Chemist: 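Got a structure here, written out as structure tokens. Questions coming.
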Amino acid sequence: ACVRACTGTCPRVCENPYKASAARQACTMANTIKYLEFPFFGGGWLPSYSQEEAQHIDEELFSEYSFSVDQLMELAGQSCAIAVAKGYPLQSLLKSTPRVLVVCGPGNNGGDGLVCARHLKLFGYDPTVLYPKRPNKQLFHNLTTQCEKMEIAFLSKMPETAVPTCWKTSTITPVSKQSSAACLNDFRPVALTAMVMKCFEKLVLSHLKATLPPSPRMPFLLFHSALTHLDNRNTYVHMLCVPLHGSNIIIKFAHDTTVIRHISDDDETAYREELQHLATWCSSNNLSLSTEKTKELIVDYRKSKGCTHSPVHINGTEVERVSSFKFLGVHISEDLPWTLNTSGQEGIPASLFPEETKEGPSAEEIDEVYNLVVDAIFGFSFKGAVREPFGDILSVLKKVTVPIASVDIPSGWDVEKGSSDGIQPDMLISLTAPKQAAAHFVGRYHYLGGRFVPPALEKKYKLGLPQYPGTDCVCQLN
Ligand SMILES: NC(=O)C1=CN([C@@H]2O[C@H](COP(=O)(O)OP(=O)(O)OC[C@H]3O[C@@H](n4cnc5c(N)ncnc54)[C@H](O)[C@@H]3O)[C@@H](O)[C@H]2O)[C@H](O)CC1
Ligand SMILES: [K+]
């Protein structure tokens, strides 16, 4: 049985594809071979392969021709990146940053995705890799390290738009000011906001500061926005102390202020200046720093024991150095053991560490953040019903509106029969030779990549590969 598919519009079955053409007659090696017609490629015919044949060819490349997986994967992944760059050139992207989401699966198709991400980065794209199931094999560890070293971000789950509610919720707790509280005035209300949200606010603030032009109106803007909450019930404002030295970290939490600095080369100048600046800022804003309640903790793991640390002073008073203290319910000691926090009931309130949200992933962020998605989840070894977490991921990919470029096979498709209700990629990059499912591809771009097939193997399997243009390693088939 033969199937003839016309890509570019929509595939159709041809009753008698064996009309004339010597090239086609040469391709009658097995009943399972189906023929694709690519009308924009000079009306030529290309054989396509079953799952079993694709696996045989693959095995033979490794066993008979002694190729290593790394070698072929590098060429396959690079050709995917080149095809992406041809179909979606940097200058054609609609978003201001050339972000591309590369979704990688657990097998070699996922490996192609990692290589593709690395080459996309070299081509000027900004890839992010979603790699939820990482195989414990050296090859994949290496590919992951290479990406990480090239500052390619990794996600382990699908990106979500929502800030979890528990991050945004503050709990106002009355904390007793006296050992035995008798009336309401003996309590101080302390608002507990998730630490992660406070860090998030810092990131947003620095982003806002970076985008706003420096202006003498900034302090007024700040004060205005700080005071607007008085008009609205149930609102509050966080104002953050911005460090004098960018490398110092200042954490404001309720009425506590913490200054943290990583000291190198014994140079404590910036830390000491920060404390001085904080003390001056407080006094010029009618705030008093309680020096006797201020404690200093030094974590020093250097091998040269016996290092002495001279004390710091605030407003002329020496700050007491302690070997441990309790910060926001967590015991911190200079040798950083965690045991004090795990043996008892005390510790960070559970609400400060939101559980991983189980909500379904969203397609909106992908559409909003990324220009396109590279689908490197499953290739020619995919079989049966999709198992999680890839079922959820594929459901999301079905909803995205940005183009999807599929590596070798659109993921989730039957390698031979395709899938009418699966993802519908805009680009397909067939590797080595198109598989039968390619007959059902109706997207805009069909490329062939993986120009590594030795002529003898091509002849043996009657691959009938098209002529790659010049020295190109991809060839457009439609
Ligand atoms: N010769 C070539 O053309 C080369 C192609 N390459 C790429 O390799 C893939 C084939 O790789 P393989 O590891 O054999 O398989 P897959 O990546 O397709 O996936 C295997 C992986 O997926 C899991 N899996 C299978 N079915 C399911 C399912 N229903 N649900 C969930 N998970 C499933 C399985 O357990 C494995 O973990 C080929 O397509 C090309 O992209 C090479 O890069 C180089 C040579
Ligand atoms: K794929």
Side-chain angles (χ1 to χ4, degrees), residues 151 175 190-212 214 218-219 222-223 226 237-341 347-348 352-353:
E151 292 175 0
V175 175
V190 173
L192 296 175
T193 306
M195 187 52 88
V196 70
M197 192 60 196
K198 292 187 148 289
C199 297
F200 187 53
E201 283 174 343
K202 285 199 163 204
L203 293 174
V204 172
L205 179 71
S206 64
H207 181 73
L208 284 177
K209 278 163 65 81
T211 48
L212 283 173
M218 273 304 283
L222 253 182
F223 273 100
V237 168
H238 279 291
M239 289 188 66
L240 298 159
C241 255
V242 181
L244 174 67
H245 292 274
S247 48
N248 287 327
I249 298 168
I250 295 196
I251 300 177
K252 291 281 302 151
F253 194 88
H255 59 281
D256 285 333
T257 304
T258 307
V259 180
I260 305 166
R261 182 170 179 90
H262 178 202
I263 312 270
S264 28
D265 301 328
D266 281 323
D267 184 4
E268 297 185 351
T269 323
Y271 172 65
R272 285 170 188 272
E273 273 179 10
E274 192 74 62
L275 291 185
Q276 189 53 50
H277 174 74
L278 186 66
T280 313
W281 185 86
C282 286
S283 82
S284 52
N285 286 282
N286 293 328
L287 295 168
S288 64
L289 269 180
S290 165
T291 316
E292 84 243 27
K293 283 191 190 165
T294 304
K295 308 287 173 221
E296 190 190 35
L297 183 109
I298 302 173
V299 178
D300 188 347
Y301 274 165
R302 286 177 300 178
K303 290 216 171 70
S304 50
K305 289 287 169 202
C307 302
T308 52
H309 297 280
S310 49
V312 292
H313 293 81
I314 294 178
N315 299 332
T317 309
E318 185 176 314
V319 173
E320 186 192 354
R321 183 181 164 190
V322 291
S323 56
S324 74
F325 59 62
K326 204 170 163 191
F327 178 62
L328 302 175
V330 182
H331 292 278
I332 302 176
S333 297
E334 55 192 3
D335 49 353
L336 298 179
W338 197 243
T339 43
L340 285 171
N341 298 295
I348 294 184
L352 294 183
F353 277 125

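Everything numeric here is computed off the predicted structure, so don't read it as measured data.
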Chemist: Between OG of S323 and CD1 of I298, what distance do you get to the nearest 0.5 Å?
Modeler: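 Interatomic distance, S323 OG to I298 CD1, rounded to 0.5 Å: 11.5 Å.
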
Chemist: For C282 and L289, work out which heavy atoms get closest and say how close.
Modeler: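 For C282 and L289, the tightest heavy-atom pair comes out as SG-CG, 3.8 Å.
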
Chemist: Looking at CG of N315 and CD of Q276, how far apart are the two atoms once the value is rounded to the nearest 0.5 Å?
Modeler: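 Output value for this atom pair is 7.5 Å.
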
Chemist: Nearest 0.5 angstrom please: T280 OG1 to I314 CD1, how far?
Modeler: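 These two atoms lie 10.5 Å from each other.
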
Chemist: Are E296 and R321 within salt-bridge range, i.e. N to O under 4.0 Å?
Modeler: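 No, this pair does not count.
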
Chemist: Roughly how far, to the nearest 0.5 Å, is the CD atom of E318 from the OG1 atom of T294?
Modeler: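 T294 atom OG1 to E318 atom CD measures 12.5 Å (nearest 0.5 Å).
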
Chemist: From H313 NE2 over to T291 OG1, what is the distance, rounded to the nearest 0.5 angstrom?
Modeler: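 It is 10.5 Å, given to the nearest 0.5 Å.
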
